[in-house]
Amino acid sequence: MNNRLLYLWAIIVLLSVASCSGGGATAPLPKAYPRIAVCDSVYVPLDTMGRHLEFNAGAQVSVDSVGEGGLPLWLTADYPLYKNVRIYITISSYGVDVMANRRERMALNAGDADGVLTELRNPYGFSSEVLLTRYGSMTPVQFIAGSGEVIVSGACYVDGAAERPDSVMPVVDALYADVIHLSKTLR
């Protein structure tokens, strides 16, 4: 009986030692996915056509077109740090039909994807709606803001957001923060 216990003990020790030999299975992988760098939360003002908008300092904003009398006004904010990321913005005269059209456009852009709608009012008389669609949309962040005088609306275009949303999530979160800041400081 004593020999059996000694034999069993020897087998347990040998199995324990053999299982701890390494084999490389637990070693960290030599490669990892790169971390996406995002723009700092630093904002610069853009005053155009009597409107004050604040954009991320990492964005390059251009006035694409100005209609007769200054409205509608089309702007594009390009983010060179990110690849193929833009915010397209339209400033137009206020109208109930224009608000309805912009809301319909936001719904069409989101498609069947679930989204989170954030509503806010800023001290300058603008009421804003910001739609965040994390999965399944090339325009994961959209917004509309109205003051009774003008409507400011826009959509953030992120190339690849629909196909690989997890890998661009840091960019989408940064754009969402930028649009929330824009909505809070719009005048």
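Nothing fancy with the numbering, it's 1 onward along the sequence. Reckoned from all heavy atoms, side chains included, excluding hydrogens, waters and symmetry mates. Computed from a predicted structure; not experimentally measured.
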Student: Measuring from atom CD of Gln142 to atom SG of Cys156, what distance do you get when rounded to the nearest 0.5 angstrom?
Tutor: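 If I round to the nearest 0.5 Å, the distance is 8.5 Å.
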Student: Are Val85 and Leu175 packed together at the side-chain level, in the sense that at least one heavy-atom pair is separated by less than 4.5 angstrom?
Tutor: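 Of all side-chain heavy-atom pairs linking Leu175 with Val85, at least one is under 4.5 Å.
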Student: Quick one: pull up CG in Asn109 and CE in Met138 and give me the separation to the nearest 0.5 Å.
Tutor: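 Answer rounded to 0.5 Å: 11.0 Å.
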Student: So, taking the atom named CG in Leu132 and the one named CG in Asp114, what distance separates them when rounded to the nearest 0.5 Å?
Tutor: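 So the CG of Leu132 and the CG of Asp114 are separated by 11.5 Å.
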Student: Would you please name every residue forming a ring pair (Phe, Tyr, Trp, His ring centres under 6.0 Å) with Tyr79, sequence neighbours left out?
Tutor: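 Per chain and number, Tyr79 pairs via ring pair (Phe, Tyr, Trp, His ring centres under 6.0 Å) with Tyr82.
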Student: Just to verify, what does Glu54 make a salt bridge (Lys or Arg N to Asp or Glu O under 4.0 Å) with, not counting sequence neighbours?
Tutor: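 Per chain and number, Glu54 pairs via salt bridge (Lys or Arg N to Asp or Glu O under 4.0 Å) with no residue.
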Student: Would you say Thr185 and Tyr124 are linked by a side-chain donor-acceptor pair, where the criterion is simply a distance under 3.5 Å?
Tutor: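 No, no side-chain donor-acceptor contact under 3.5 Å.
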Student: For the pair Asp178 (side chain) and Phe55 (backbone), establish whether a donor and an acceptor sit closer than 3.5 Å, ignoring hydrogens and angles.
Tutor: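 Checking the backbone N and O of Phe55 against the side chain of Asp178, no donor-acceptor pair under 3.5 Å is found.
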Student: CG/Asp78 to CD1/Ile87 distance, rounded to the nearest 0.5 angstrom?
Tutor: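 Output value for this atom pair is 10.0 Å.
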Student: Going from CG on Asn122 to OG on Ser127, what distance comes out if it is rounded to the nearest 0.5 angstrom?
Tutor: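 One finds 8.0 Å between CG of Asn122 and OG of Ser127.
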Student: Quick one: side-chain hydrogen bond (donor to acceptor under 3.5 Å, both in side chains) partners of Asp112, sequence neighbours excluded?
Tutor: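 Partners of Asp112 under the side-chain hydrogen bond (donor to acceptor under 3.5 Å, both in side chains) test: none.
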Student: Mind running side chain to side chain contact (heavy atoms under 4.5 Å, CB included) on Leu120 and Ile180 for me, showing each step along the way?
Tutor: CA-CA 9 Å; Leu120 23 114; Ile180 291 291; 4.1 Å; yes
Student: In the hydrophobic clustering (ILVMFWY, side-chain contacts below 4.5 Å, transitive), which residues join Val96, or is it alone?
Tutor: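 When side chains under 4.5 Å apart are linked, Val96 ends up in no cluster with other residues.
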Student: Tell me every residue that passes side chain to side chain contact (heavy atoms under 4.5 Å, CB included) with Val44, counting only those two or more places apart in sequence or in another chain.
Tutor: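 Per chain and number, Val44 pairs via side chain to side chain contact (heavy atoms under 4.5 Å, CB included) with Ala57.
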Student: Name all residues meeting the side chain to side chain contact (heavy atoms under 4.5 Å, CB included) criterion together with Asn101; count only those two or more places apart in sequence or in a different chain, and write none if there are none.
Tutor: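 By the side chain to side chain contact (heavy atoms under 4.5 Å, CB included) rule, Asn101 matches no residue at all.
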Student: Mind checking whether Tyr88 and Val171 sit in one hydrophobic cluster, side chains of I, L, V, M, F, W, Y counted as touching below 4.5 Å?
Tutor: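 Cluster IDs for Tyr88 and Val171 differ.
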Student: Kindly write out the residues that satisfy ring pair (Phe, Tyr, Trp, His ring centres under 6.0 Å) with Tyr43, not counting sequence neighbours, or none if the list is empty.
Tutor: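 Counting only residues at least two positions away or on another chain, Tyr43 forms a ring pair (Phe, Tyr, Trp, His ring centres under 6.0 Å) with His181.
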Student: Can you sort out the partners of Ser137 under side chain to side chain contact (heavy atoms under 4.5 Å, CB included), two or more places apart, ordered by chain and number?
Tutor: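 Ser137 satisfies side chain to side chain contact (heavy atoms under 4.5 Å, CB included) with Thr133, Thr139 once adjacent residues are dropped.
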Student: Could you tell me which residues satisfy salt bridge (Lys or Arg N to Asp or Glu O under 4.0 Å) with Asp173, sequence neighbours excluded, listed by chain and number?
Tutor: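 Once residues adjacent in sequence are excluded, the partners of Asp173 under the salt bridge (Lys or Arg N to Asp or Glu O under 4.0 Å) criterion are Arg134.
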Student: Does any part of the side chain of Phe126, heavy atoms only, come nearer than 4.5 Å to the side chain of Val150, both counted from C-beta?
Tutor: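 In short, these two side chains touch, coming nearer than 4.5 Å.
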Student: Residues sharing Ile144's hydrophobic cluster, by side-chain heavy-atom contacts under 4.5 Å among ILVMFWY, directly or via others?
Tutor: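 Same cluster as Ile144: Tyr94, Val98, Met99, Met106, Leu117, Leu131, Ile151.
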Student: To check you understand the geometry: which heavy-atom pair defines the closest contact between Pro80 and Gly58, and what is its length?
Tutor: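 Looking at all heavy atoms of both residues, the shortest contact is CD-O, 3.3 Å.
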Student: Looking at Asp40 and Val42, would you say the former's side chain and the latter's main chain have a donor-acceptor pair under 3.5 Å?
Tutor: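 Flag not set: sc Asp40 to bb Val42 has no pair under 3.5 Å.
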Student: Side chains of Leu81 and Val38: closer than 4.5 Å at any heavy-atom pair?
Tutor: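 No, side chains not in contact.
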Student: Measuring from atom CG of Asn56 to atom CG of Leu182, what distance do you get when rounded to the nearest 0.5 angstrom?
Tutor: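 Separation between the atoms: 11.0 Å.
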Student: Check the pair Tyr176, Thr118 against side chain to side chain contact (heavy atoms under 4.5 Å, CB included), reporting the backbone distance first and the verdict last.
Tutor: CA-CA 10 Å; Tyr176 178 74; Thr118 303; 2.7 Å; yes
Student: Can you sort out the partners of Asp64 under side chain to side chain contact (heavy atoms under 4.5 Å, CB included), two or more places apart, ordered by chain and number?
Tutor: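 Scan of Asp64 (side chain to side chain contact (heavy atoms under 4.5 Å, CB included), adjacent residues dropped) gives Ser62, Trp74, Thr76.
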Student: When hydrophobic residues are tied together by side-chain contacts of less than 4.5 Å, even through go-betweens, does Tyr157 share a cluster with Val168?
Tutor: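 Different clusters: Tyr157 never reaches Val168 through Ile, Leu, Val, Met, Phe, Trp or Tyr contacts under 4.5 Å.
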Student: Is Glu149 salt-bridged to Arg51, cutoff N-O under 4.0 Å?
Tutor: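 Salt bridge: yes.
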Student: Only counting residues at least two apart or in another chain, list the ones meeting salt bridge (Lys or Arg N to Asp or Glu O under 4.0 Å) with Arg187.
Tutor: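 Expected list: none.
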